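Nothing here was measured: the structure is a model prediction, and the numbers come from that model.
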Amino acid sequence: MANQDDNLLKKIIAHAKEYGFIFPSSEIYDGLAAAYDYGQNGVELKNNLKSFWWKAMVQMNENIVGLDASIFMHPTTWKASGHVDAFNDPMVDNKDSKKRYRADVLIEDHIAKIEGKINKEVDKAAKRFGDSFDKEQYLATNGRVLGYQSEIDSINERMKNAIESDNLADLKTLIEDLGIADPVSGSKNWTDVRQFNLMFSTELGSVADGASKIYLRPETAQGIFVNFLNVQKTGRMKIPFGIAQIGKAFRNEIIARQFIFRMREFEQMEMQFFVKPGDEMQWYEHWKNTRIGWHKLLGLGEENYRFHDHLNLAHYANAACDIEFNFPMGFKELEGIHSRTDFDLKAHEEHSGKKLQFFDPQENKSYVPYVIETSIGLDRLFLAVLTAAFTEETLTDGSERTVMKIPAAIAPTKVAVLPLLKKDGLPEKAREILDELKLDFNCTYDEKDAIGKRYRRQDAVGTPYCVTVDHQTLEDNTVTIRDRDNLQQERINISELHARVSDLVSVTSLLKKI
RNA sequence: GCGGGAGUAGCUCAGCUGGUAGAGCGACAGCCUUCCAAGCUGUAGGUCGCGAGUUCGAACCUCGUCUCCCGCUCCA
């Protein structure tokens with residue numbers, strides 16, 4: 001089964017490239033790992049996804065407004081957000097086994113071993129003393145146990161100091177002093193401890209000397225937080241309100257794989273919703289429901305979604321869940337919904353010295369709002385669409401076709417206009433229709449090859465409707481309109497065409513259901 | 001980074017024990033066709049990932065190197 005799913009992802013990747021959705025980055029130079037370019041069809045689909053999200057979030061909610069913050073931000077932003085500290089991992093390699101470990105994890109494992117020894121002592125003692133055994137007292141008094149405990153405490157102390165002072169050499173010395181061996185090779189032959197920062201840094205300022213190091217944002221959210229006051233004041237926003245943003249973010253993943261699922265450069269669609277402290281759980285539930293509802297509207301199949309509630313919460317959250325999608329690799333995170341408390345705004349208050357508060361006239365007092373975040377990976381959403389849309393099917397006549405069943409509202413091309421034959425004035429008539437439709441819809445024209453072949457070509461890129469001009473068109477101004485998914489054709493008057501197409505491909509009909 | 005696999009036309013691949021590159025599909029031009037791919041004719045497209053070595057001669061053998069894919073290690 002895993003094999004089959006692998007094949008599905010491979011097929012999707014191949015199809016996406018073959019039909020101009022996604023190309024490997026810099027392909028003529030052998031490509032760049034985990035970077036991809038969106039081709040002529042990909043960019044249309046991506047724009048449509050953005051637009052559907054933006055309309056659902058901003059246009060449909062009078063208390064949500066948009067923002068487009070800079071990717072470059074003041075370096076202190078990332079200190080405040082916790083990324084400079086939490087996004088750093090001290091890594092160490094074993095020279096013999098060539099395995100890489102997190103230095104702090106190695107030390108913690110060592111501590112766990114000592115704790116194991118304590119537990120053994122306790123077990124032994126419990127047997128010895130029987131019912132009269134008092135664990136607390138034993139732990140507090142037994143000499144051997146106390147020895148172990150003080151060992152643990154001193155290791156913890158040294159590790160904490162080393163990490164906090166960024167002293168990687170100390171960390172290595174600690175590993176050596178403890179005699180920690182690689183669990184794989186048993187070797188104690190370690191490299192120096194190195195810091196891996198998952199944020200991309202670059203130089204601001206063209207003169208190397210005067211340049212200062214800044215980061216490419218690892219999430220778009222901070223651009224929203226630092227603009228909280230600007231937007232709240234200039235937009236006269238009242239709590240609760242939200243700020244939405246679509247933009248690129250960058251993370252230096254150690255491995256970035258699985259096509260566009262995990263890239264180092266990716267695009268997020270985030271909305272931070274500011275609420276009164278105490279109301280956050282209610283709003284958390286509200287956005288969980290609203291967001292899953294949005295996904296289901298998109299029409300990729302309700303059975304392909306599920307929630308995954310987080311048990312281990314990040315440093316800033318008091319509740320968090322993922323909306324997972326059934327990708328070829330299995331159910332994986334597509335969107336995250338987090339209750340971020342007042343962590344971010346408070347942190348920015350502390351680092352900036354500015355008050356990031358809202359004056360609540362009802363309560364007659366100011367407070368730092370709590371935040372509910374909805375954050376969806378646009379590229380992952382794109383992959384979800386490809387996954388759900390990619391279909392290989394056998395038709396009733398026994399022939400096979402590959403069709404992208406992309407929901408009409410987000411399909412790259414809405415209508416293909418096709419003259420049945422490339423003669424008898426049919427192309428001219430078709431062009432007339434095309435010129436009319438293209439004012440409002442993304443259209444394409446094709447007169448090459450047999451009509452059946454042209455239908456299949458449109459199926460492959462997910463064009464939901466094909467309008468075919470035949471000889472009857474010249475007599476009574478009717479055309480056939482073909483449905484991509486069920487292959488049904490209907491003959492309608494050209495004058496009805498615009499309204500009909502508009503109805504079929506409109507985002508409006510989706511938005512109405514929100 | 002380690003281990004494994006793979007790089008030949010746009011795609012899928014063939015190419016024998018070394019003799020100087022092919023097929024199908026696709027694309028393009030045209031013919032034929034009044035409605036669901038695979039009818040006909042023609043055209044374009046490859047320094048066989050890159051570099052070196054062995055050889056009279058390398059897509060093929062040797063070494064190096066790069067890239068991609070899969071697995072492992074990390075991930076707010």
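Across all strands shown, nothing is found opposite B:U73 as a Watson-Crick or G-U wobble partner with both distances under 3.5 Å. As the counterpart of B:G45, no nucleotide is assigned, since no Watson-Crick or G-U wobble pattern has both distances under 3.5 Å. Nucleotide B:U55 has no partner under the Watson-Crick or G-U criteria, as no pair reaches both atom distances under 3.5 Å. With a 3.5 Å ceiling on both atom-pair distances, the Watson-Crick or G-U wobble partner of B:U67 is B:A6. When Watson-Crick and G-U wobble pairs are counted only if both distances are under 3.5 Å, B:G22 pairs with B:C13. Of the nucleotides present, B:G39 is the one that pairs with B:C31 by Watson-Crick or G-U wobble criteria, both distances under 3.5 Å.
Using a 4.0 Å cut-off, no side-chain N or O of A:Arg251 falls inside it from OP1 or OP2 of B:C74.
For the pair A:Arg484 and A:Tyr465, the cation-pi criterion (under 6.0 Å, within 45° of the ring axis) is not fulfilled. A:Tyr38 carries A:Lys46 over the face of its six-membered ring, with the cationic atom under 6.0 Å from the centre and within 45° of the normal. Under the 6.0 Å distance and 45° angle rule, A:Lys248 does not count as a cation-pi partner of A:Phe266. At least one cation-pi condition fails for A:Arg217 and A:Phe72: the charged atom is not both under 6.0 angstrom from the six-membered ring centre and inside a 45 degree cone around its axis.
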(Q) Checking A:Thr402 against A:His15 for the side-chain contact (heavy atoms from CB on, under 4.5 Å) test, could you report, in this order, the C-alpha distance in whole Å, the side-chain angles of both residues, the deciding distance, and whether it holds? (A) CA-CA 9 Å; A:Thr402 301; A:His15 191 88; 3.6 Å; yes
(Q) For A:Arg454 and A:Asp459: C-alpha separation, side-chain torsions, deciding distance, then whether salt bridge (Lys or Arg N to Asp or Glu O under 4.0 Å) applies. (A) CA-CA 9 Å; A:Arg454 281 178 275 164; A:Asp459 290 342; over 6 Å; no
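Rounding to whole angstrom units, CG of residue A:Asp446 and P of B:A29 are separated by 10 Å. In this structure, CE of A:Met329 is placed 13 Å from P of B:C72, rounded to the nearest angstrom. Between A:Lys10 atom NZ and B:C13 atom P there is a gap of 10 Å when expressed in whole angstrom units. To the nearest angstrom, P of B:C68 lies 14 Å from CG of A:Asp37. Remark: P of B:C70 and CZ of A:Arg262 are 13 Å apart, rounded to the nearest angstrom. A:Phe250 has its CZ atom 23 Å from the P atom of B:C75, to the nearest Å. What separates CD1 of A:Ile22 from C1' of B:G10 is a distance of 18 Å, to the nearest Å. Distance OH (A:Tyr19) to P (B:C25): 14 Å, rounded to an integer number of Å.
Straight-line distance between the P atoms of B:A44 and B:C32: roughly 24 Å, to the nearest whole Å. Distance check on atom C1': B:C74 versus B:G45 gives 44 Å, rounded to whole Å. Atom name P, nucleotides B:G7 and B:A59: the rounded distance is 16 Å, in whole Å. Distance check on atom C1': B:G39 versus B:C25 gives 16 Å, rounded to whole Å. A distance of about 10 Å separates the C1' atoms of B:G49 and B:C68, rounded to the whole Å. Comparing the C1' positions of B:A38 and B:U12 gives a spacing of 15 Å, expressed to the nearest Å. Distance noted for atom P between B:C31 and B:C70: 46 Å (whole Å). Separation of the P atoms belonging to B:G18 and B:C56 is 15 Å when rounded to the nearest angstrom.
A side-chain hydrogen bond (donor to acceptor under 3.5 Å, both in side chains) with A:Arg491 holds for exactly one of A:Thr468, A:Asp476, A:Asp470; it is A:Asp470.
Mapping A:Lys17 and A:Glu219 onto RNA chain B via the closest heavy atom, the residue that lands nearer the 5' end is A:Lys17.
In this structure, A:Lys414 contributes its side chain and A:Ala411 its backbone to a donor-acceptor pair below 3.5 Å.
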Hey, can you pull the donor-acceptor pairs under 3.5 Å for the side chains in residues 385-393 of chain A, sequence neighbours left out?
from, atom 1, to, atom 2, distance (Å)
A:Thr387, OG1, A:Leu383, O, 2.7
A:Thr391, OG1, A:Ala389, O, 2.9
A:Glu392, OE1, A:Lys11, NZ, 2.9
A:Glu393, OE1, A:Lys405, NZ, 3.1
A:Glu393, OE2, A:Arg401, NE, 2.7
A:Glu393, OE2, A:Arg401, NH2, 2.6

Q: Determine, for nucleotides 31-45 of chain B in 5'-to-3' order, which nucleotides have protein heavy atoms under 4.0 Å from the base (write B), from only the sugar-phosphate (write S), or from neither (write -).
A: --BSBBB--------
